[in-house]
> 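So that we are looking at the same thing, I have put the structure below in structure tokens.
The model shown is predicted, which means the values in this text are computed figures rather than measured ones.
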Amino acid sequence: MPSRMQHPLASASRSRRSTGETPRRWRPAVALLVASGLVAVCFALASPLVTAVAEAGDAPDAADGYVDPQAPISPFDDVPALTRLRPSLRDALHAAARDAEADGVAFVVTSGWRDQRYQDWLRDQAVARGGAQEASEYVAAGTSSRHLSGDAVDIGYTDADSWMQQHGSRYGLCQIYANEMWHYELATTPGGTCPPQYADAGSRP
């Protein structure tokens with residue numbers, strides 16, 4: 001341990017050294033340093049929190065039809081993404097999900113009905129990641145997405161999508177985009193023939 005003579009305040013009077021009292025001429029500087037340090041620590045702790053809250057405030061929620069990509073939902077869940085689907089589509093989805101389950105294939109839903117706020121947010125995210133051209137291949141611009149009217153549902157996982165490619169038309173459910181094996185719409189009568197697929201969302205009129 002350093003001796004008293006090695007202490008930074010060793011130039012203070014003997015009485016101050018003996019009591020541990022900070023010399024009067026140092027007090028304003030010490031107080032300023034302490035205050036500055038506390039402000040810096042508080043700012044460092046608060047900044048990420050403020051940023052996170054701001055970002056969370058901009059993101060859609062369940063009322064907008066949001067489905068957490070890390071926690072897809074059951075086709076039978078009672079959430080806006082499903083309850084606001086067109087009833088005929090929801091009924092067809094339920095029928096397909098039950099029959100797929102009998103075949104040992106479980107369905108999840110990664111997206112269903114969305115409101116305009118959610119759609120715009122998805123578009124902004126896609127543009128930020130890959131640019132406008134790439135975004136147009138997966139996220140319809142403006143009001144053209146069938147998710148907005150409750151006429152589209154995204155199904156996972158891959159085994160469920162493969163099952164749907166084989167059996168979906170039995171329920172009137174068709175894959176619409178060649179690059180989206182998960183996107184299904186009620187596009188034919190049950191047992192009918194599905195229409196030709198669009199290359200991607202951007203090629204649909």
Side-chain angles (χ1 to χ4, degrees), residues 60-123 125-126 130 133-205:
D61 56 26
D64 300 301
Y66 178 75
V67 176
D68 185 346
Q70 303 304 316
I73 58 180
S74 162
F76 304 98
D77 281 351
D78 185 21
V79 294
L82 294 173
T83 59
R84 298 194 64 174
L85 288 176
R86 191 175 297 275
S88 54
L89 173 58
R90 189 169 65 251
D91 290 346
L93 172 65
H94 288 172
R98 291 189 186 98
D99 289 349
E101 186 175 5
D103 287 343
V105 177
F107 277 24
V108 295
V109 171
T110 58
S111 191
W113 167 83
R114 306 171 189 154
D115 67 7
Q116 189 67 56
R117 176 171 175 263
Y118 183 12
Q119 185 69 22
D120 292 343
W121 182 84
L122 280 175
R123 177 76 179 183
Q125 297 293 307
Q133 179 58 44
E134 183 176 326
S136 68
E137 297 175 4
Y138 292 97
V139 185
T143 60
S144 61
S145 174
R146 271 45 176 192
H147 285 281
L148 295 173
S149 59
D151 287 305
V153 62
D154 293 348
I155 297 170
Y157 298 106
T158 305
D159 56 345
D161 294 327
S162 297
W163 190 93
M164 283 291 289
Q165 288 175 332
Q166 299 175 57
H167 306 290
S169 62
R170 184 189 306 170
Y171 312 92
L173 295 167
C174 300
Q175 179 181 339
I176 301 301
Y177 305 118
N179 69 331
E180 295 188 25
M181 66 184 299
W182 55 83
H183 180 105
Y184 281 84
E185 298 177 18
L186 201 59
T188 189
T189 56
T193 301
C194 288
Q197 296 174 7
Y198 297 101
D200 53 48
S203 64
R204 188 173 192 171

> Looking at every heavy atom in both His183 and Ala152, which two are closest together, and how far apart are they?
CE1-CB, 3.5 Å
> For Gln116, enumerate each residue passing the side chain to side chain donor-acceptor pair (under 3.5 Å) test, keeping only those at least two apart in sequence or located in another chain.
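Side chain to side chain donor-acceptor pair (under 3.5 Å) check on Gln116 returns Asp120.
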> Could you check if a side-chain atom of Phe107 sits within less than 4.5 angstrom of a side-chain atom of Leu93, using non-hydrogen atoms only?
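In short, these two side chains touch, coming nearer than 4.5 Å.
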> Could you report the tightest heavy-atom contact between His147 and Gly112, atom names first, then the distance?
ND1-O, 2.7 Å
> So, the side chain of Asp115 versus the backbone of Arg117: is there a donor-acceptor pair under 3.5 Å, distance only?
yes
> Would you say Asp77's side chain and Ser74's backbone share a donor-acceptor pair under 3.5 angstrom?
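Yes: the side chain of Asp77 pairs with the backbone of Ser74.
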> Look at atom OH of Tyr157 and say whether more than 12 heavy atoms of other residues, nucleotides or ligands are closer to it than 6.0 Å.
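Open.
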> Is there a donor-acceptor pair closer than 3.5 Å between any side-chain N or O of Arg90 and the backbone N or O of Thr83?
yes
> Closest heavy-atom contact between Trp121 and Pro60?
CD2-CD, 3.3 Å
> May I ask you to decide if Ser144's main-chain N or O and Arg146's side chain share a donor-acceptor pair within less than 3.5 Å?
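Looks like yes, one N/O pair under 3.5 Å.
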> Just wondering, more than 12 heavy atoms not from Gln165 lying within 6.0 Å of its CD?
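Yes, because the 6.0 Å sphere around CD of Gln165 holds more than 12 heavy atoms from other groups.
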> Locate the shortest heavy-atom distance separating Ser169 from Gly192; write the atom from each residue and the value.
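Taking Ser169 first and Gly192 second, the nearest heavy atoms are CB-O, 3.6 Å.
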> Does any N or O in the side chain of Thr188 come within less than 3.5 Å of the main-chain N or O of Thr193, such that one atom is a donor and the other an acceptor?
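Side chain of Thr188 to backbone of Thr193: a pair is present.
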> So, for Tyr118 and Asp64, which heavy atoms are closest and what is the spacing to 0.1 Å?
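In this case the closest contact between Tyr118 and Asp64 is CD2-O, 3.5 Å.
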> Quick check for you: to the nearest 0.5 Å, what is the distance between Leu89 atom CG and Trp113 atom CH2?
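The distance works out to 14.5 Å.
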> If I compare all heavy atoms of Ala199 with all of Asn179, which pair ends up nearest, and what's the gap?
O-OD1, 3.3 Å
> Regarding Glu185 and Arg204, does a basic nitrogen lie under 4.0 Å from an acidic carboxylate oxygen?
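Yes, Glu185 and Arg204 are salt-bridged.
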> Say you draw a straight line from CG of Asp99 to NE2 of His167; how long is it, rounded to the nearest 0.5 Å?
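Here the rounded value is 9.5 Å.
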> Counting C-beta onward and ignoring hydrogens, is there a side-chain heavy-atom pair between Leu186 and Asp151 closer than 4.5 Å?
no
> Which of these passes side chain to side chain contact (heavy atoms under 4.5 Å, CB included) with Ile73: Val79, Asp68, Val108, Asp78?
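Only match with Ile73 under side chain to side chain contact (heavy atoms under 4.5 Å, CB included): Val79.
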> With side chains defined as the heavy atoms from C-beta onward, is the minimum distance between Gln197 and Tyr177 less than 4.5 Å?
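They are not in contact (no side-chain heavy atoms under 4.5 Å apart), so the answer is no.
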> Quick one: OG1 on Thr110 to CG on Asp154, what's the gap to the nearest 0.5 Å?
4.5 Å
> Measuring only between side-chain heavy atoms, which start at C-beta, is Val139 closer than 4.5 Å to Gln119?
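In contact.
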> Which pairs count as disulfide (SG to SG under 2.5 Å) when at least one residue sits in residues 158-202, sequence neighbours excluded?
Cys174-Cys194
